[in-house]
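In what follows, a structure is listed as structure tokens, so that the remarks can point back to it.
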Amino acid sequence: GAVVSQHPSWVICKSGTSVKIECRSLDFQATTMFWYRQFPKQSLMLMATSNEGSKATYEQGVEKDKFLINHASLTLSTLTVTSAHPEDSSFYICSARANTGELFFGEGSRLTVL
Amino acid sequence: DAKTTQPPSMDCAEGRAANLPCNHSTISGNEYVYWYRQIHSQGPQYIIHGLKNNETNEMASLIITEDRKSSTLILPHATLRDTAVYYCIVRVAPANTGNQFYFGTGTSLTVIP
């Protein structure tokens, strides 16, 4: 199956700093990528839809200035958590939509904010 | 919003078939049923999807009722590595752009030795 890679797989940062997470589709082009957040023992929550070359569409309740999404190319989307706080600690997962319409998920990035 | 309901947890003996049910009573005519699973601390893995006919692949079988209001994912011979959270998702036809996947609470399957 298609491969979606996330980097870093885990990151620890101090409160107040910004953290960037990359999502790459390795063997296909993805015009649309999605970002999810998952807290322990909970399901995945869709944060935003990222479309190549345009602004991301955020789900209700997700702060667009807090979670900056950039989808500058057909194989790369980035999520930047700005001024991170301990409550932002979570498992962040991206997915990329192939031309067939199928979604392929990354391995996830675990963020811990001290 | 998720449009599916699943039991929160199930156990299955190793080597036996695991049958995971999903209710999607409000499914629309153009919505597919997708199944993904998530092993602890990993990204979701695609299993299978279908519209109205039963489907089978190397991983599992998907049985969809005639009225399409429910479905069952069948893992024919469960192994310990099948222990995971299984998500049933309904979604409009895959060719449409921008269709989001909304995850419900899923079923936590534990395969017991």
Side-chain angles (χ1 to χ4, degrees), chain A residues 1-7 9-10 21 23-25 29-52 54-62 71 90-112, chain B residues 1-10 20 22-24 30-51 55 57-60 62 83-110:
Chain A
V3 178
V4 175
S5 177
Q6 281 185 241
H7 177 80
S9 56
W10 59 270
I21 301 170
C23 177
R24 293 181 184 273
S25 55
Q29 293 182 332
T31 55
T32 305
M33 291 184 175
F34 303 94
W35 286 95
Y36 293 84
R37 181 166 61 178
Q38 186 176 33
F39 293 110
K41 297 187 184 295
Q42 295 187 23
S43 185
L44 285 78
M45 184 193 78
L46 180 64
M47 299 175 66
T49 301
S50 169
N51 295 302
E52 187 266 338
S54 64
K55 292 183 178 180
T57 303
Y58 290 81
E59 294 295 306
Q60 191 172 8
V62 179
H71 193 159
S90 189
F91 193 50
Y92 292 88
I93 304 170
C94 74
S95 66
R97 179 186 169 278
N99 288 337
T100 57
E102 304 311 316
L103 287 193
F104 299 94
F105 287 81
E107 316 97 318
S109 299
R110 185 163 302 282
L111 170 64
T112 300
Chain B
D1 293 330
K3 297 182 178 181
T4 63
T5 55
Q6 299 175 251
S9 63
M10 292 181 63
L20 293 93
C22 179
N23 286 326
H24 30 80
N30 62 347
E31 288 183 315
Y32 285 68
V33 179
Y34 281 78
W35 282 84
Y36 281 76
R37 72 179 182 185
Q38 185 181 26
I39 296 170
H40 182 61
S41 294
Q42 298 182 23
Q45 176 191 22
Y46 167 81
I47 301 174
I48 199 168
H49 76 280
L51 181 62
E55 302 288 344
N57 62 21
E58 64 277 5
M59 289 184 68
L62 173 61
T83 293
V85 178
Y86 287 76
Y87 295 100
C88 167
I89 302 163
V90 295
R91 177 179 183 236
V92 180
N96 285 353
T97 60
N99 293 335
Q100 292 89 345
F101 266 34
Y102 292 102
F103 284 78
T105 54
T107 296
S108 177
L109 174 69
T110 301

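Per chain, numbering begins at 1; letters A, B, ... match sequence-line order.
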Contacting moiety of Ser41(B), where chain A heavy atoms sit under 4.5 Å:
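It is both, since atoms from each part get that close.
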Does any backbone or side-chain atom of Gln38(B) lie under 4.5 Å from a heavy atom of chain A? Answer side chain, backbone, both or neither.
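The answer is the side chain of Gln38(B).
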Engaged part of Leu44(A) at the chain B interface, taking heavy atoms whose separation is under 4.5 Å:
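For Leu44(A), heavy atoms of backbone and side chain both lie under 4.5 Å from chain B.
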Heavy-atom distances under 4.5 Å only: say whether Glu59(A) touches chain B with side chain, backbone, both or neither.
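The side chain, not the backbone.
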Would you give the length of the straight line joining atom [atom1] of [X] to atom [atom2] of [Y], rounded to the nearest 0.5 angstrom?
| X | Y | atom1 | atom2 | value |
| --- | --- | --- | --- | --- |
| Gln45(B) | Glu107(A) | CD | CD | 12.5 Å |
| Ser43(A) | Tyr102(B) | OG | OH | 13.0 Å |
| Phe91(A) | Gln42(B) | CZ | CD | 8.0 Å |

So do Tyr34(B) and Leu103(A) actually touch side chain to side chain, heavy atoms under 4.5 Å?
no
Looking at every heavy atom in both Gln38(A) and Tyr87(B), which two are closest together, and how far apart are they?
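Heavy-atom minimum between the residues: NE2-OH, 3.7 Å.
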Phe105(A)-Phe103(B) aromatic ring centre distance below 6.0 Å
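Yes, the ring centres sit under 6.0 Å apart.
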Partner set under side-chain contact (heavy atoms from CB on, under 4.5 Å) for Thr107(B), not counting sequence neighbours:
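Gln6(B), Pro7(B), Met10(B), Leu20(B).
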